[in-house]
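Since the structure comes first, as structure tokens, the remarks are kept for the end.
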Amino acid sequence: EVRPNSSGEEFKNSNVLLTSLILEILKKQNKIIPILLASSIHAQLLKNEYGKTKRESELLIENYAKEYNINCFIYRLPHVFGEECKPNYNSVISTWIYNSINDLQINCFDRSIEMQYVYVQDVVDEFLSILELKESSEIYIAPKKIYQTTLGEVVDFIDEFKVNVLNDEYKIVNNEFKEKLFQTYQDYLNRINILVTGSNGQLGSEIKELSKEYSYNFFFTNRSNIDITSKENIKDFCQTNNINAIINCAGYTAVDKAESDEINADLINRKAVKKLALVCQELNIKLIHISTDYVFDGKNFKPYIEYCIED
């Protein structure tokens with residue numbers, strides 16, 4: 001668990017109890033194998049519950065390695081950036097790139113703050129390499145490639161990328177961190193994430209089947225994983241998953257029942273749609289809303305607009 005706003009209990013469940021459970025299962029199955037733990041520099045600082053629970057997890061792995069005399073590896077990672085990091089979750093770089101691409105403000109309150117970053121693919125490559133080691137190794141390991149920068153420099157790079165990302169002649173020379181940051185920016189820019197609400201219905205199910213033919217990232221949801229009557233819930237989902245477009249297939253479709261259940265019909269078919277539209281407006285997301293021929297009879301020979309009076 002790495003989200004800054006998580007509770008101490010959530011940190012403990014994900015960082016300590018999960019590690020303990022994994023070790024318990026391995027021992028019961030008599031599977032004494034090497035373990036690599038992705039920890040954090042916060043485990044050294046112990047300034048918050050996140051760091052404290054990371055340290056507890058480290059000690060569990062350390063004791064396991066000593067007890068069974070087996071190679072284990074604990075990486076204390078600084079801030080990680082790169083493809084697949086979630087915006088508005090736990091990565092300021094991902095959040096700023098998301099804001100840049102979606103024409104939202106980048107908030108940097110202190111440009112002078114010094115930062116250490118590692119690129120996610122470098123970390124993965126190093127993990128795979130270290131797991132192949134046969135000889136003994138130090139249990140605590142620092143990543144080989146760590147980039148030193150400041151928050152202000154990161155903002156300046158992102159602003160520069162926004163201006164030049166479509167310029168084929170734009171080149172980055174002699175700055176490995178900047179090159180990888182630009183790769184990350186391009187990945188976010190080229191990735192189209194589409195949220196489909198009401199995906200268990202007839203139309204949503206059909207879109208789910210057709211989606212296999214396209215390279216977009218689809219998020220098929222229903223009432224169990226997103227509440228479209230809650231603007232906060234919609235916005236949180238869209239920001240966390242970097243949504244670029246929404247296809248709203250949700251609706252109160254029981255025509256006869258809607259006559260006697262006006263409150264719920266209005267909640268789903270009007271109020272929820274308004275909240276979807278407001279979130280899309282705020283986050284610059286495209287919205288496709290599937291309506292019905294019960295609104296207009298289709299006899300108008302001119303295109304319908306928002307202000308046409310329903311039949």
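Throughout, residue positions are numbered sequentially from 1 according to the sequence presented. Just so you know, these numbers use all the heavy atoms, side chains as well, and skip hydrogens, waters and symmetry mates.
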Exercise for the section: Check step by step if side chain to side chain contact (heavy atoms under 4.5 Å, CB included) holds for His289 and Val273. Expected result: CA-CA 8 Å; His289 172 64; Val273 177; 3.5 Å; yes
Handout entry: CG (Asn69) with more than 12 external heavy atoms under 6.0 Å
Key = no
Exercise for the section: Using a 4.5 Å cut-off on heavy atoms from C-beta on, say whether the side chain of Ile93 contacts that of Val154. Expected result: yes
Practice task
Look up atom CG in Asn107 and atom CG in Leu151, then write down how far apart they are to the nearest 0.5 Å.
Solution key: 12.0 Å
Exercise for the section: Count the heavy atoms belonging to other residues, nucleotides or ligands that lie under 6.0 Å from CD1 of Ile263, then report whether that count exceeds 12. Expected result: no
Problem - Smallest separation among heavy atoms of Ala43 and Arg76, with atom names - result: CB-NE, 4.2 Å
Problem - Co-membership, hydrophobic cluster, residues Ile172 and Tyr185, 4.5 Å side-chain - result: yes
Exercise for the section: Just do the side chain to side chain contact (heavy atoms under 4.5 Å, CB included) check on Leu77 and Tyr75 with the steps written out, would you? Expected result: CA-CA 6 Å; Leu77 300 174; Tyr75 271 83; 4.1 Å; yes
Exercise for the section: Indicate yes or no: at least one non-hydrogen side-chain atom of Leu195 is less than 4.5 angstrom from one of Asn241. Expected result: no
Problem - Spacing of Leu37 atom CG and Tyr64 atom OH [to the nearest 0.5 Å] - result: 12.5 Å
Practice task
For the residue pair Cys108 and Trp96, establish whether any side-chain heavy-atom pair is separated by less than 4.5 Å.
Solution key: yes
Handout entry: Non-hydrogen side-chain atoms of Cys238 and Cys280 separated by less than 4.5 Å
Key = no
Exercise for the section: Report yes or no: do Met115 and Ile158 belong to one cluster of Ile/Leu/Val/Met/Phe/Trp/Tyr joined by side chain heavy-atom distances under 4.5 Å? Expected result: yes
Problem - 4.5 Å side-chain heavy-atom contact, Leu181 and Tyr117 - result: no
Practice task
Answer whether the closest heavy-atom distance between the side chains of Lys231 and Val279 falls below 4.5 Å.
Solution key: yes
Handout entry: Flag if over 12 foreign heavy atoms under 6.0 Å of NZ, Lys27
Key = yes
Problem - Sidechain N-carboxylate O distance under 4.0 Å for Lys180, Glu176 - result: yes
Problem - Presence of salt bridge, Lys235 and Glu282, under 4.0 angstrom - result: yes
Handout entry: Linked, directly or transitively: Phe73 and Leu60 (ILVMFWY side chains, under 4.5 Å)
Key = no
Handout entry: Short side-chain donor-acceptor distance under 3.5 Å, Asp187 and Gln183
Key = no
Problem - Any donor-acceptor pair under 3.5 Å from Asn225 side chain to Asn222 backbone - result: yes
Problem - Where Leu276 and Ile246 come nearest, the two heavy atoms and their spacing - result: CD2-CD1, 4.2 Å
Problem - Any donor-acceptor pair under 3.5 Å from Thr53 side chain to Glu49 backbone - result: yes
Problem - Within 6.0 angstrom of Arg111 CZ, more than 12 heavy atoms from elsewhere - result: yes
Practice task
Report the relative orientation of the aromatic rings in Tyr50 and Phe11; use parallel for angles under 30°, tilted for 30 to 60°, perpendicular for over 60°.
Solution key: tilted
Practice task
Quick one: pull up CD in Gln186 and CD1 in Ile101 and give me the separation to the nearest 0.5 Å.
Solution key: 10.0 Å
Completion exercise
So side-chain hydrogen bond (donor to acceptor under 3.5 Å, both in side chains) across residues 193-202, not counting sequence neighbours, yields Asn193-Asn217, Thr197-Asn248
Exercise for the section: Pick out which of Thr221, Ile207, Leu203 makes a side-chain contact (heavy atoms from CB on, under 4.5 Å) with Val196. Expected result: Ile207
Problem - Asn63 side chain to Leu59 backbone, donor-acceptor under 3.5 Å - result: yes
Exercise for the section: Specify the closest pair of heavy atoms between Lys54 and Ala38, including all atoms of both residues, with the distance to one decimal. Expected result: NZ-O, 3.1 Å
Completion exercise
Closest non-hydrogen atoms of Leu287 and Ala277, given as atom of the first, atom of the second and distance, are CD2-CA, 4.0 Å
Practice task
May I ask you to decide if Glu262's main-chain N or O and Asp266's side chain share a donor-acceptor pair within less than 3.5 Å?
Solution key: no
Problem - Nearest non-hydrogen partners of Cys249 and Gly198, listed with the distance - result: CB-O, 4.0 Å
Completion exercise
In this structure, NZ of Lys47 is separated from NE2 of His42 (nearest 0.5 Å) by 9.5 Å
Handout entry: Any donor-acceptor pair under 3.5 Å from Thr240 side chain to Asp236 backbone
Key = yes
Practice task
Output the distance between atom CG (Leu23) and atom CD1 (Ile35), rounded to the nearest 0.5 Å.
Solution key: 4.5 Å
Handout entry: SB check Glu58 Arg55 (cutoff 4.0 Å)
Key = yes
Problem - Residue pair Ile234 / Ile228: nearest heavy atoms and the distance that separates them - result: CD1-O, 3.3 Å
Handout entry: Passing option when Phe182 is tested against Phe157, Phe177, Tyr170 for ring-ring contact (aromatic ring centres under 6.0 Å, His included)
Key = Tyr170
Handout entry: salt_bridge(Glu153, Lys178) N-O dist < 4.0 Å
Key = no
Problem - Short side-chain to backbone donor-acceptor contact, Lys12 and Ser7, under 3.5 Å - result: no
Practice task
Verify, without hydrogens or angle tests, whether Asn269 (side chain) and Gly251 (backbone) share a donor-acceptor contact under 3.5 angstrom.
Solution key: no
Problem - Cluster link Ile226 to Phe218, ILVMFWY, side chain under 4.5 Å - result: no
Problem - Main-chain N/O of Thr229 paired to Lys275 side chain as donor or acceptor, under 3.5 Å - result: yes
Problem - Gap separating the NZ atom of Lys52 from the CG atom of Leu46, nearest 0.5 angstrom - result: 7.5 Å
Handout entry: Residues Asn175, Glu179; criterion side chain to side chain donor-acceptor pair (under 3.5 Å); working and verdict
Key = CA-CA 6 Å; Asn175 190 325; Glu179 287 178 5; over 6 Å; no
Problem - Check: Lys162 side chain, Ser100 main-chain N or O, donor-acceptor pair, under 3.5 Å - result: yes
Exercise for the section: For Ile309, look at atom CD1 and say whether over 12 heavy atoms of other residues, nucleotides or ligands are found less than 6.0 Å away. Expected result: no
Handout entry: Shared hydrophobic cluster, Ile139 / Phe127 (ILVMFWY, side-chain heavy atoms < 4.5 Å)
Key = no
Practice task
Classify the angle between the aromatic ring planes of Tyr119 and Phe81 as parallel (below 30°), tilted (30 to 60°) or perpendicular (above 60°).
Solution key: tilted
